[in-house]
J.: 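Once you've had a glance at the structure underneath, I'll fire off some questions.
Chain letters run A, B, ... following the sequence lines, proteins first, then strands; residues in each count from 1.
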Protein chains: 2
Amino acid sequence: MTNDRPKRGRPRSHTSREAILGAVRHRLLADGYLRLTIEAVAAEAGVSKATIYRWWKTKGELVLEAAEGDISIGLVPETNDPRADVEAAIHQLVDTFSRPLASIVIFAAIATGESDPVMAQIFRDRYVYPWRVSAAAAMVRALPEDRSEASEVQFLLDVIVGTVFQRTLVLREPNTVGLKGRLMSVIFPI
Amino acid sequence: MTNDRPKRGRPRSHTSREAILGAVRHRLLADGYLRLTIEAVAAEAGVSKATIYRWWKTKGELVLEAAEGDISIGLVPETNDPRADVEAAIHQLVDTFSRPLASIVIFAAIATGESDPVMAQIFRDRYVYPWRVSAAAAMVRALPEDRSEASEVQFLLDVIVGTVFQRTLVLREPNTVGLKGRLMSVIFPI
DNA sequence: ATTATTAATGTACGATGCGTTTCGAAATGT
DNA sequence: ACATTTCGAAACGCATCGTACATTAATAAT
């Protein structure tokens, strides 16, 4: 979604759009983000290169849209069991980071911040930030008053995100069974 | 250091070697890893491209060697105050990750694991692994017996590395004063 | 001194991918 | 029919890659 639909003229091809996004997903899973080229996507989708550039300014924009369904994290629930909410937040994170397509795209969004700051920005604003706000709220509810200052809450969120990132995306450790429980007992020591 | 010195023939130019590695550091700080090109390094060093390819197979190899002094972490001390040793380990990590050149190169080594697995491998084996082994030993000494199983120690190391990585390299948070203390109290709750 | 050996330079090459442009054809509303 | 917009095919100039070649330079062995 880049433009509004004009009233006249040939309408945008829904078929081509789907073919492009599907080809992007396929090439991402096959080759990874860095090795993905627009030319290969165009060839696989049976589409002209110009058509891709017509609707997406950058590779990052294109990839984020193609993986939208996989990388959206959702908001942390607000039940009357705040610790369960925090646990749900951790679960959402681990679950999302473990999806093959999401792991590739999230990693790329963070890693290419240097050369494509727009991609990192969009990823943060659209996917990380909403989750983070709701997770912070859950954390405040779950912590005792003397531990719920903003800086401590942000630190604990960094512990969660950083540890999950390290385990699932850097070390590529598929076994996440002990991870959630251990994170909970580190955040809420007995 | 790629080869032994042959006994005969023109010796390798020490001047060119230093000029190349210096240019790499300069371009890294100016442009970042992804935008660094071999051609630009050759031009800035006043050296032929072929000379660079003669001694370094890949960009990753070249960059790791150019930044060697900045990215080497050192081993965790072994005093009779094991908690202080763990604190020292955290300090080493934060300190290294905060150096401008190291932050660029470490980030690149992790981020390009997809397209340049050799760089990630070298980085892990040569710089991360030794620190990690000595940090694990310190952790075992510092933890009570009932918490010092291998999987728990590895998890706590991932918490440290992940959190520091998140704070310093992903979020680029320069303020690390509270970080070390908070990490300690998360690992050793009262 | 001559020869063998290795390094470094300059230059050029074919590939690949980039992002853009141009042109003609196709598909819609007015 | 006409205006408008999209699409596909092809080509463009550009940057960078990694390699190759011939030439010159510096050193050790003979």
J.: Suppose we call a contact any N or O donor and acceptor under 3.5 Å apart; does that hold for the side chain of Arg10(A) and the base of dT6(D)?
T.: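 Pair found.
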
J.: Counting just side-chain N and O atoms, does Arg12(A) come under 4.0 Å of either OP1 or OP2 of dT5(D)?
T.: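 No, Arg12(A) has no side-chain N/O under 4.0 Å of OP1/OP2 on dT5(D).
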
J.: In terms of side-chain heavy atoms of Glu39(A), which of dG10(C), dG17(C), dA26(D) is nearest?
T.: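 The listed nucleotide nearest to Glu39(A)'s side chain is dG17(C).
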
J.: Strictly below 4.0 Å: does Trp55(A) bring a side-chain N or O up to OP1 or OP2 of dC7(D)?
T.: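 Checking Trp55(A) against dC7(D): at least one side-chain N or O falls below 4.0 Å of OP1 or OP2.
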
J.: Looking only at N and O atoms, is any donor in the side chain of Lys49(A) or the base of dG8(D) less than 3.5 Å from an acceptor on the other one?
T.: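 Counting by modelled atom types and ignoring angles, no donor-acceptor contact under 3.5 Å is found here.
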
J.: Regarding Glu78(A) and Arg141(A), does a basic nitrogen lie under 4.0 Å from an acidic carboxylate oxygen?
T.: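 Looking at Arg141(A) together with Glu78(A), the answer is yes, because their closest N to O distance falls below 4.0 Å.
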
J.: Among dT6(C), dT9(C), dG8(D), which nucleotide sits nearest the side chain of Arg54(B)?
T.: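 The closest nucleotide is dT6(C).
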
J.: Please check the phosphate of dA7(C) (OP1 and OP2 only) for any side-chain N or O of Thr51(B) closer than 4.0 Å.
T.: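 Answer no for this pair, as no side-chain N or O of Thr51(B) is under 4.0 Å from OP1 or OP2.
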
J.: With respect to the side chain of Arg8(A), which nucleotide from dT4(D), dT19(D), dA7(C) is positioned closest?
T.: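 From the listed options, dT4(D) comes nearest.
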
J.: Is the distance from OP1 or OP2 of dA7(C) to the nearest side-chain N or O of Ser13(B) less than 4.0 Å?
T.: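 Negative; the distance criterion is not met.
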
J.: Considering only heavy atoms and no angle criterion, is a donor-acceptor pair shorter than 3.5 Å present between the side chain of Ser16(B) and the base of dA8(C)?
T.: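 No.
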
J.: Among dA7(C), dC7(D), dC18(C), which nucleotide has an atom closest to any side-chain atom of Thr37(A)?
T.: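 The nucleotide sitting nearest to the side chain is dC18(C).
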
